[in-house]
Every structure is written in C-alpha cells, then in structure tokens.
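One structure below.
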Amino acid sequence: MPLKFRGVDFIEFDSLLSPDEILVRDNTRRFIEENLIPIIEQCNREGRFPRELIQPMAELGFFGANLKGYGCAEMSNVEYGLVMQEMERGDSGIRSFASVQSALVMYPIYTFGSDEQKSKWLPALQKGDAIGCFGLTEPDAGSNPAAMRTRARRDKDGDGYVLNGEKMWITSGSIAQVAVVWAKNEEEDGKVRGFLVETDRPGFRAADVHGKWSLRASVTSSLSLQDVKVPACNLLPGTDGLKSALMCLNQARYGIAWGAVGAAMACYETALQYAGFRKQFRDQPIASHQLVQEKLVWMISEITKAQLLALQVGRLKDQSKARPQHISMAKRNNVWMALECARMARDILGANGIADEYPVFRHMANLESVKTYEGTHDVHTLIIGNSITGIDAF
Ligand code: TGC
Ligand code: FAD
C-alpha cells in the first residue's frame, strides 16, 4: 500500500529555518511527491533515468541553484541543501543527477571558466538544455585520483590539446553534451587541469554500466577518450592542480549530506507507519513491541542529529566558513546514518521490506553507492583524522 509522507521534525527543527527556506523545501517536496514518487519504482525496475523530469526541474531552478547570475536561482546554501534533501527523499538517482549538473559541472565552469565558457554553458545547463558529467575517477584511480592516467598534450597541428584516457563510473556520462574531464597536462609536468569536452568530438565514447543493483534510476557510464582534440579555449583556465577538482567535490559532498537525510526520512516514515498497522502477537501492532520501538527511536534520534549537522555546515557555508573537513564529517555521518536507517526499516517491514511496493530496499541499495562515491566512508574518516591529528594516514 502506498504511504504518504508526514514531516520528520522531532525538536522543532523548522523553527531554525527561515520562511524562505521552508518555502523552497515544501515546493521541492510537492514537486517530488507529484512527479517522481508515482514513477520511481517503475524507473528503478526498468533501470531508467526519468529524463522527462529534467525540464520541469530546470524550470523550478534546481540546477546551479546556489550560483549567482546566468539565470540561476541564487538560493542560499541552506536552501540548496533542502532541495537536495527533498530530491533524495524521492530517490538518490535524481539527487545525483542534480548534484552532478550543479556541483560538478556548473560549479567548475562558474569558478574556473572563462567568460566565454560561462556564457556558453551556464545558461544552457541551468535550463536543462545541456546535460553535463564530471570525469575524475578512472578504472585504477578511485579514492586516489592523483594516480589518474588521463593525459592532455599540446596538439602539434593546431592551437589546442589532445586528450587520451579512460574514466569510469561517470554519472550521466552517456546522456551528457559536455564532460568536465580532469587530465594531467604534459606541458606542465603533469599538473592536473580541467577540460570541457563536447561529447560529440571524434574519439570520445561513453558506454553505460549495466547490471547495477544500486542507483538504477541514474545513468552511470564509462568514458573513453582516444586522441580527442579540443581547442585551447576548452581548457578551464582557472584550474590549478588536483585541488581544483577537490574543490568541486566539496560542493557535491555538501549536497549529499542533506540528501542522505531525505533518504533516511523516507525510510523512517515508512517503517513508523508500517509498524502502526502491522499486527503480530496478541493482535497488537508491532510498534507496541519494545524492540521495534528501540529501532524507531534510534532512527529519529540519528535523523535529528544529522539534520542539525547539515544545517550547521550549511550556515557555515553561507558565511564562507565551511572547511573541507566539516563537509567530510557531514557526508560521512549522514550517509552512514541513512544506510543504517534503511537497514533497520527493512528489518521492521519483515518480508515486505524486500518488495518494491515500499521504497525502503531501493533507498538501501542506493545508499550503498552514496557511501562509496564522493569519497568513501573510510576516506572521509581519514580526512577528518588528518585534520584533528595533523597526520596523513592514507
Ligand atoms: P592532498 O595532497 O591532500 O591535496 C592536494 C591539494 O588539494 C587540497 N585539498 C582540497 N582543497 C579543497 N577541497 C578539498 N576537499 C581538498 N582536499 C585537499 C590540499 O590542501 C592540497 O592543496 P595544495 O595547495 O597543498 O596543493 O591530495 P591527495 O592526492 O593526497 O588526496 C587526498 C584525498 C584522498 C582526500 C583526495 O584524493 C580525495 O578526496 N579522494 C576521494 C576521491 C573522490 O571523492 N572522488 C569523487 C569522484 S566524483 C564522484 O564520486 C561523483 S558521484 C556524484 C553523484 O552521482 O552524486
Ligand atoms: P577504491 O578506491 O578502490 O576503494 C575500495 C575500498 O578501499 C574502499 O572501501 C575504500 O574506502 C578503501 N580504501 C582505499 N584507499 C584506502 C586507504 N588509503 N585507507 C583505507 N581504506 C582505503 N566518479 C566520478 O569521477 N564522477 C562521477 O560522476 C561518479 N559517479 C559515480 C556513480 C556511482 C553510482 C558510483 C558507484 C561511483 C561514481 N563515481 C564517480 C566513482 C566514485 O567516486 C568512486 O567509486 C569512489 O571514489 C571510490 O573509488 P573506487 O570505487 O575505485 O574504490
């Protein structure tokens, strides 16, 4: 039986939000409930990304929402985070699409791009007329992108670069018109630089990853670049080493910290309602059993702490005070918390927990990817460990 969401607000969290923030959240929630929830289980079954939602999401200002100008919605970082929360309450795949479009494609063009690159791409990406992807990970360079093999060399025949390499696990790869590709530039002793690569250039190929048990409603691809020529003006001129790529990751990780709260809320609400009507032993709802209550209490407590963590990091980000290790803590904690909530909710639903009549197993499977991408749980452990001890333990 389909379950309607109630709000998850145990300690008057909403009193910490402004009216504008609540409005943005509620508008996003309505959009997701009306447009994504009715189709998401079918999309998940079919392994189909709901492309038909790109234009409506663009019209609501969801892409590049926290950037200024170029038609962007100019939301605060907290408002942007609440958008991510509501999207992932629907499905991690739709939040992933928006994260990549906004934080990993629009942000680097906005931050490191030339005026021409910004004028050409940002309005199109904001309107959903162009789709972007972000190619950092490679088959042999995941947690350690410094080991990337993709190379850029000067094109001897012209004023540009030639790119060669393989990228792996790239969200939206095969549906993108533009790829932000990170490569070591041979003429600068292998300094990492970002390049805009139009995906219709000769030598560029994208192939989808099939057989995923997670993020089934999201496109994940490998990219192959074989002697792909780009003009010099496709180099993102402000990029200056791996640090530039890692700056983009901060933006996406921040959105994930909020998104995970949304997925956890969906699992908690489903489990709470289910426990209220499912009866076992003495014709009593399972919510009357102490062990079931303990699980629900764990979930609401951890969701509440995660909301506060995301909000504080968002407030810091709005004051330009958020540091990478703050964002690592929020991503690490909130995704772990959401995955634990999903597993507990699955348990509370018993056998029904494995069926897609309920959203819980889908969220649980999605969150396994979210735990791994954008820095694995353990990579974030070591980032925080480094920040408090001063010792690099990678
Ligand atoms: P390291 O020597 O530590 O740092 C190199 C330079 O970068 C600086 N830095 C950062 N700057 C800004 N933000 C950050 N988060 C930064 N982290 C480091 C650092 O200060 C240094 O600056 P400088 O001036 O001294 O040069 O670099 P390292 O090579 O040792 O790597 C550190 C490590 C392991 C933390 C990093 O490589 C890392 O984060 N690895 C995880 C890789 C990852 O997260 N990949 C994500 C790929 S994209 C993705 O997954 C998209 S999923 C999207 C979706 O569908 O939602
Ligand atoms: P590995 O780095 O091989 O790690 C495997 C295990 O070893 C992990 O448990 C890890 O924590 C552990 N480990 C590694 N190093 C250490 C260490 N020093 N100490 C302790 N433990 C360690 N990438 C992109 O560039 N763009 C995208 O759009 C994108 N989208 C993705 C979408 C999906 C669905 C998925 C699953 C991944 C995506 N990725 C993307 C890739 C993602 O960022 C990587 O999978 C991630 O960074 C981890 O790399 P890896 O899979 O190679 O794992």
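The first residue of the sequence shown is numbered 1, and numbering continues consecutively from there. Whatever order the structure lists ligands and atoms in, that order sets their numbers, starting from 1.
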Query - Evaluation steps, side-chain contact (heavy atoms from CB on, under 4.5 Å), between Glu21 and Ser76 - result: CA-CA 9 Å; Glu21 288 163 349; Ser76 70; 4.3 Å; yes

Enumerate the atoms of ligand 1 whose separation from the nearest heavy atom of [X] is less than 4.0 angstrom.
{"X": "Thr137", "answer": "47 (C)"}
{"X": "Gly375", "answer": "43 (C), 44 (O)"}
{"X": "Ala146", "answer": "29 (O)"}

Query raised in the report: Among Trp169, Phe394, Phe134, which residue places a heavy atom closest to atom 39 (N) of ligand 2?
Result: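 Looking at heavy atoms only, Trp169 sits closest to atom 39 (N) of ligand 2.
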
Report task. Measure from atom 39 (O) of ligand 1 to every heavy atom in His380, Arg253, Glu374 and give the option owning the shortest one. Result ->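 Of the listed residues, Arg253 has the closest heavy atom.
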
Donor-acceptor pairs are to be reported for all side-chain atoms of residues 277-287 against protein atoms at under 3.5 Å, with residues two or more places apart or in another chain.
none

Subset of ligand 2 atoms that lie under 4.0 Å from at least one heavy atom of [X]:
{"X": "Tyr373", "answer": "31 (C), 32 (C), 33 (C), 35 (C), 37 (C), 38 (C), 42 (C), 43 (O)"}
{"X": "Thr137", "answer": "23 (N), 24 (C), 25 (O), 40 (C), 41 (C), 42 (C), 43 (O)"}
{"X": "Leu136", "answer": "25 (O)"}
{"X": "Leu215", "answer": "34 (C)"}

**Report entry** Any Thr376 heavy atom less than 4.0 Å to ligand 1
**Finding:**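 Under 4.0 Å: no for Thr376.
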
Would you be so kind as to tabulate the donor-acceptor pairs closer than 3.5 Å made by side chains of residues 141-150, with sequence neighbours excluded?
unit_1, atom_1, unit_2, atom_2, d
Arg149, NH1, Asp140, OD2, 3.1
Thr150, OG1, Glu138, OE2, 2.5

